Amino acid sequence: MTAYGSQEMSAPLMRVLMRRPGESLRGADAAKWHYGPTFDGARAVHQYKAFAELVEKSGTEIIWLEDEGDGLADAMFTHDPSLMSDHGAILLRMGKPLRVAETALHEKAYAERQIPILGRIEGDGTVEGGDCIWLDAKTLVIGRGVRTNQEGIDQITKILGPHGVTVLAYDLPLWQGEEACLHLMSVMSPLADDLALVFAPLLPAAFYQLLKKRGIRLIEAPADEFHASNGLSLNVLPTRPYEVIMVEGFPATKAAMEAAGCTVETFEADALCIACEGGPTCLTRPVLRRAA
């Protein structure tokens with residue numbers, strides 16, 4: 001089996017990089033990490049186990065990073081420090097200063113498994129994986145905002161250009177401020193090649209128009225659940241087209257996806273995803289997505 005390669009968002013998830021939270025999360029200072037009032041480190045670790053079981057049940061191989069007490073509480077959000085392409089991994093540079101050290105964890109994991117490094121974001125450039133969406137195998141869309149800057153976008157464009165990939169960048173709104181986290185994937189979750197869950201009021205207008213032009217069906221996320229969850233109701237992980245995992249407690253969003261033909265599994269995540277501002281997609285770095 002090919003060990004790596006992913007230039008799409010919803011093909012069967014064959015291999016994924018995840019970090020099992022431990023002492024770094026259990027002992028995290030909620031104020032320092034900007035975690036919400038429902039944060040409970042021990043409960044968050046317990047809720048993560050239920051999520052990991054759903055990923056394993058889908059048939060995905062998990063490459064585990066272990067939490068050995070390095071103090072990197074956010075490192076469980078493996079989606080952000082690197083991006084996978086069909087030509088190797090791109091090591092990103094985090095826009096949140098507390099998370100900069102996480103990239104080295106990914107670099108080590110890839111080296112141990114002989115997964116090549118295609119390039120890395122350096123200097124003043126920042127790109128986080130949550131701002132990157134493969135619209136198709138030749139088009140990467142990036143959200144320019146608090147966590148991803150133009151210098152980082154320019155660098156990733158140079159890395160992917162020789163491989164025939166076009167990079168499109170769109171400005172994100174500030175929304176809840178610099179300390180909060182609004183990624184491009186906070187406002188769009190691809191569910192299949194032709195289907196996405198979106199929160200249109202915060203989508204860049206030109207990106208919304210591009211999605212419509214591409215003929216992608218857009219499910220409008222219910223606004224009350226989006227706001228009640230600080231956007232986490234929209235953070236949905238496809239394990240294959242039309243089969244997804246989401247945070248429990250948002251029945252209208254779940255029903256909207258089911259009405260569009262999706263099978264939806266949920267897990268309790270108030271102490272984990274809601275409190276820590278990262279959903280099922282954030283907790284995974286796809287290493288291999290391929291049609292079976």
Side-chain angles (χ1 to χ4, degrees), residues 1 3-4 6 12-30 32-36 38-84 89 91-92 94 96 98-115 128-130 181 183 185 232 235-239 244-248 265-289:
M1 183 177 81
Y4 67 91
S6 180
L13 185 59
M14 312 295 287
R15 202 176 194 205
V16 67
L17 184 67
M18 294 172 61
R19 165 150 146 153
R20 202 188 326 259
E23 193 50 45
S24 299
L25 185 64
R26 268 193 295 267
D29 179 337
K32 173 183 174 183
W33 289 94
H34 202 263
Y35 292 165
T38 58
F39 176 67
D40 179 316
R43 285 189 67 233
V45 169
H46 178 72
Q47 290 177 351
Y48 185 93
K49 289 178 183 175
F51 169 68
E53 287 169 5
L54 288 177
V55 174
E56 288 177 322
K57 189 176 84 169
S58 76
T60 302
E61 175 200 353
I62 299 176
I63 299 170
W64 281 112
L65 299 177
E66 297 297 340
D67 177 355
E68 297 173 349
D70 54 21
L72 297 172
D74 268 0
M76 62 185 173
F77 296 127
T78 53
H79 198 83
D80 294 316
S82 65
L83 179 70
M84 189 56 65
L91 299 174
L92 305 178
M94 306 292 283
K96 183 175 181 176
L98 283 170
R99 299 192 64 188
V100 169
E102 294 176 29
T103 303
L105 304 178
H106 288 225
E107 184 171 17
K108 181 172 182 285
Y110 294 139
E112 289 171 352
R113 290 159 183 84
Q114 292 80 52
I115 295 172
E128 293 193 356
C181 182
H183 282 134
M185 293 199 72
L232 272 302
N235 193 289
V236 177
L237 174 69
T239 53
V244 304
I245 301 172
M246 74 174 294
V247 169
E248 185 179 289
E265 299 212 66
T266 65
F267 67 106
E268 188 179 16
D270 59 322
L272 176 66
C273 296
I274 303 299
C276 301
E277 299 186 335
T281 297
C282 307
L283 291 167
T284 56
R285 165 37 60 202
V287 172
L288 179 63
R289 276 194 185 272

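In this text, all values refer to a predicted model and were calculated from it rather than measured experimentally.
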How long is the gap from [atom1] on [X] to [atom2] on [Y], to the nearest 0.5 Å?
X: Thr266; Y: Glu248; atom1: OG1; atom2: CD; result: 4.5 Å
X: Asp74; Y: Glu277; atom1: CG; atom2: CD; result: 8.5 Å
X: Cys282; Y: Asn235; atom1: SG; atom2: CG; result: 4.0 Å
X: Asp80; Y: Met185; atom1: CG; atom2: CE; result: 10.0 Å
X: Leu65; Y: Lys108; atom1: CG; atom2: NZ; result: 8.5 Å

Which residues share a ring-ring contact (aromatic ring centres under 6.0 Å, His included) with Phe39, sequence neighbours left out: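 Only Tyr35 meet the ring-ring contact (aromatic ring centres under 6.0 Å, His included) criterion with Phe39.
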Got a sec, which residues hit ring-ring contact (aromatic ring centres under 6.0 Å, His included) with Tyr48, two or more places apart in sequence or on another chain?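 Residues passing ring-ring contact (aromatic ring centres under 6.0 Å, His included) with Tyr48: none at all.
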Using only atom types and a distance under 3.5 Å, with no angle test, would you say the side chain of [X] pairs donor to acceptor with the backbone of [Y]?
X: Thr60; Y: Met14; result: no
X: Ser82; Y: Leu92; result: no
X: Ser24; Y: Asp70; result: yes

Residue pair [X] / [Y], side-chain heavy-atom distance below 4.5 Å:
X: Leu54; Y: Leu237; result: no
X: Asp270; Y: Arg43; result: yes
X: Arg15; Y: Arg113; result: yes
X: Met18; Y: Trp64; result: yes
X: Pro280; Y: Phe51; result: yes
X: Leu25; Y: Leu272; result: yes

Under the side-chain contact (heavy atoms from CB on, under 4.5 Å) rule, what do Leu17 and Met84 come out as? Steps first, then yes or no, please. CA-CA 11 Å; Leu17 184 67; Met84 189 56 65; over 6 Å; no
Of all the heavy-atom pairs spanning [X] and [Y], show the shortest one and how long it is.
X: Pro286; Y: Thr284; answer: CD-O, 3.5 Å
X: Val247; Y: Cys273; answer: CG2-CB, 3.8 Å
X: Glu66; Y: Arg20; answer: OE2-NH2, 2.9 Å
X: Gly130; Y: His79; answer: N-CD2, 3.8 Å
X: Leu72; Y: Leu98; answer: CD2-O, 4.0 Å
X: Glu102; Y: Pro81; answer: OE1-CG, 3.5 Å

Are Arg26 and Asp67 within salt-bridge range, i.e. N to O under 4.0 Å?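 No salt bridge links Arg26 with Asp67.
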Thinking salt bridges, do Lys96 and Glu128 make one under a 4.0 Å N-O criterion?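 No, Lys96 and Glu128 are not salt-bridged.
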Pairwise salt bridge (Lys or Arg N to Asp or Glu O under 4.0 Å) hits with a residue in residues 46-57, at least two apart: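 Output for this query lists Lys57-Glu265.
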